[in-house]
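Working notes for the structure below.
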Amino acid sequence: MVIKSSASSSLVHFINEKQFTLTEGETLLCQALKQQIPHVHECGGKGLCSTCRVIVEAGLENCSPETEAEREIKSRKNLPSEVRLSCQLRPTGSITVRRLVRDHFDIQLALENGLNPSAKTQPIAIMFCDIRNFTEFSQCHLPYDVTHILNRFFSAMTAAVNMFGGHVDKLLGDGMMVLFGLDEQQRLSPSDQALFAAEQMLKNLQQLNQYYQSVFDHQFQIGIGIDYGYCLLGEFGSAEHRSFTALGQRVNRAARIESLCKTYQTWLLVSDDVRENCQQPHPFTQSMDVHLKGIREATRIWQLCYPIQQQLALAPEAIHADSALSTQDQDMLTQVEALSEVIGSPTIAVAASYQGDQIKLCIGLVRFLEQHQLEFTIPTGHSFNLTDWVTLHLDNRTGVEEYDAELRVFRTSYKGRVQQVKNQNTLIIDCREFSLVHGMSEVLGYRERGYHYPADARPLKNLPTTPLTTMPVISQSEHDNKIGVLITRTPEQPHTTAMAFLSSEEDDIFIISFPSTFKVQQLQKDNRCCFAIDERASFTFENAIDWNYVLIDAEAYEVPLGHPIYEPIKAAFIDKNPWEVGFFANPEVRIYHLKCLGTLFHNN
């Protein structure tokens, strides 16, 4: 475009500032800056912000038509027709305008920035990393010891970040914020950089923990959350102190995803956008739709599983602040190589599978074979076929006569496929996937090669409020029960979870949990469920009559805070399960009512 002076000597007048001769073809912003008018233009004059807006007080007919960028911003800001963006406006004749963003601070910024933008938008991956339970640790150790530990931690984590082209944006007490994708010439995508760095951070932490254990008799765990998308990048702050950082919703989402690691008892969670941006293979496992604070739409997040996780797993600090494992427990956990070592063989299991639209439940005897394969015997017979999917809840408490507070509890929701039907009572089941949990930590995991948690597009819905209006009569016969197992409807095959519970004489069940947990979200997608209650008075393999469970068909409801039965249920729940009192200290905890639709007293 050729720029020339107007032959008609048209004038541009900035009210209370300056008047000068129009240069045709140039934007109003460029002309103002050439005249040393300190015109604010935060995006660099690219039509990406509204800071250069002016009000046209005369000569509106001499304004060029609005550009598409200008129309979009004016629509979003609901600006009237006489307000224009000076970076998009090219006057064709005399015009009188007044700047709308102008004070001493604005003027100083404009003079410092000139024609250069102070920020830009760019797609990046944002990582937040946090040390679990560090506050409790720091309160029990000398300040310089804490400093020493943090310095070694940040040094090791930064080395992993640098290895994959990341930028440590800031240190946040016992955590850090990291940006990936700032260098657009990198061979890897920002998400690949972040995930490879996360894996390396976990490896570095394993080495650190060997040192921490020997010197401080303590090991640390971390939580990492990653999101990917467009952020505002630039130097922000005052003239005396400015620093480079990223701003925007993606930064907030990454921080909130990291905080969910406590809830989901894992060390790494990423958004679906991270997964979509990856160009390299990564061990994604299962996905969950969650509602992050301040974000209206549901966010899909993914878990990942690396082999090294068998020795490093998370416990949720918000619930169990004193959950650090003893040295004896740590030694035990690192030695677990097979389910049979801690679950016991034989053992009794609750099994669930889909039969049409219904969940089929049965109780049987499990014997472990090689390669996580197992033999499942159902004394009353079965109707399974080859390749049927079946989920078994395995728990070492099924082999215990009396409850022992010192018992190290191991449990898993074992998902498998019927590989062989030996006879009308016995199946051979190949393992598809399991996660063996001790306390709140995964200590052994397996996933069949090529297996990915199936996509789940079912929307989350709020659970209906309990239909109960008065406190039910609570059953007094189940205070010593060993196990309650919740069975939820997940894709392809059910999922099982061991739960503390309270039951009524009408066989309604009450449980407590958090809305963001996997099991509650499955109930929000389909509130039909089942619950299995261990009723056995004694435990013998020889006498099948003692395999005594109540199997309940149910629908899930919520008992909201302030409901007439909330406080009575809470008091009764704590009375039965006093070790769960800590849950109620968390404002996010919820009480759920599993309304009994029918029961089967199962004495195989």
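Everything numeric in this text was worked out from a predicted model, so none of it was measured. The chain is numbered in sequence order, starting from 1.
- Cation-pi geometry between R152 and Y211 is met: the NZ or CZ atom falls under 6.0 Å from the ring centre, inside 45° of the normal.
- There is a side-chain donor-acceptor pair under 3.5 Å between R458 and Q522.
- A cation-pi geometry, defined here as NZ or CZ lying under 6.0 Å from the six-membered ring centre and within 45° of its normal, holds between R275 and F284.
- Residues F220 and Y212 bring their aromatic ring centres within 6.0 Å.
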Test side-chain contact (heavy atoms from CB on, under 4.5 Å) applied to V178 and F128, step by step: CA-CA 6 Å; V178 186; F128 279 85; over 6 Å; no
Please determine whether side-chain contact (heavy atoms from CB on, under 4.5 Å) holds for the pair S513 and R590, giving the CA-CA distance in whole Å, both sets of side-chain angles, and the decisive distance to 0.1 Å. CA-CA 6 Å; S513 191; R590 298 290 185 271; over 6 Å; no
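- Exactly one of R90, K34, Q31 qualifies for a side chain to side chain donor-acceptor pair (under 3.5 Å) with E26. That residue is K34.
- Between the CE atom of M157 and the CZ atom of F153 there is a distance of 5.0 Å, given to the nearest 0.5 Å.
- A search for ring-ring contact (aromatic ring centres under 6.0 Å, His included) contacts involving Y230 returns nothing, not counting sequence neighbours.
- Few gaps surround CG on N151; more than 12 heavy atoms of other groups in view lie less than 6.0 Å from it.
- Atoms NE2 and CZ, on H282 and F196 in that order, are 4.0 Å from each other to the nearest 0.5 Å.
- Here the two rings, on F518 and H495, have centers that are under 6.0 Å apart.
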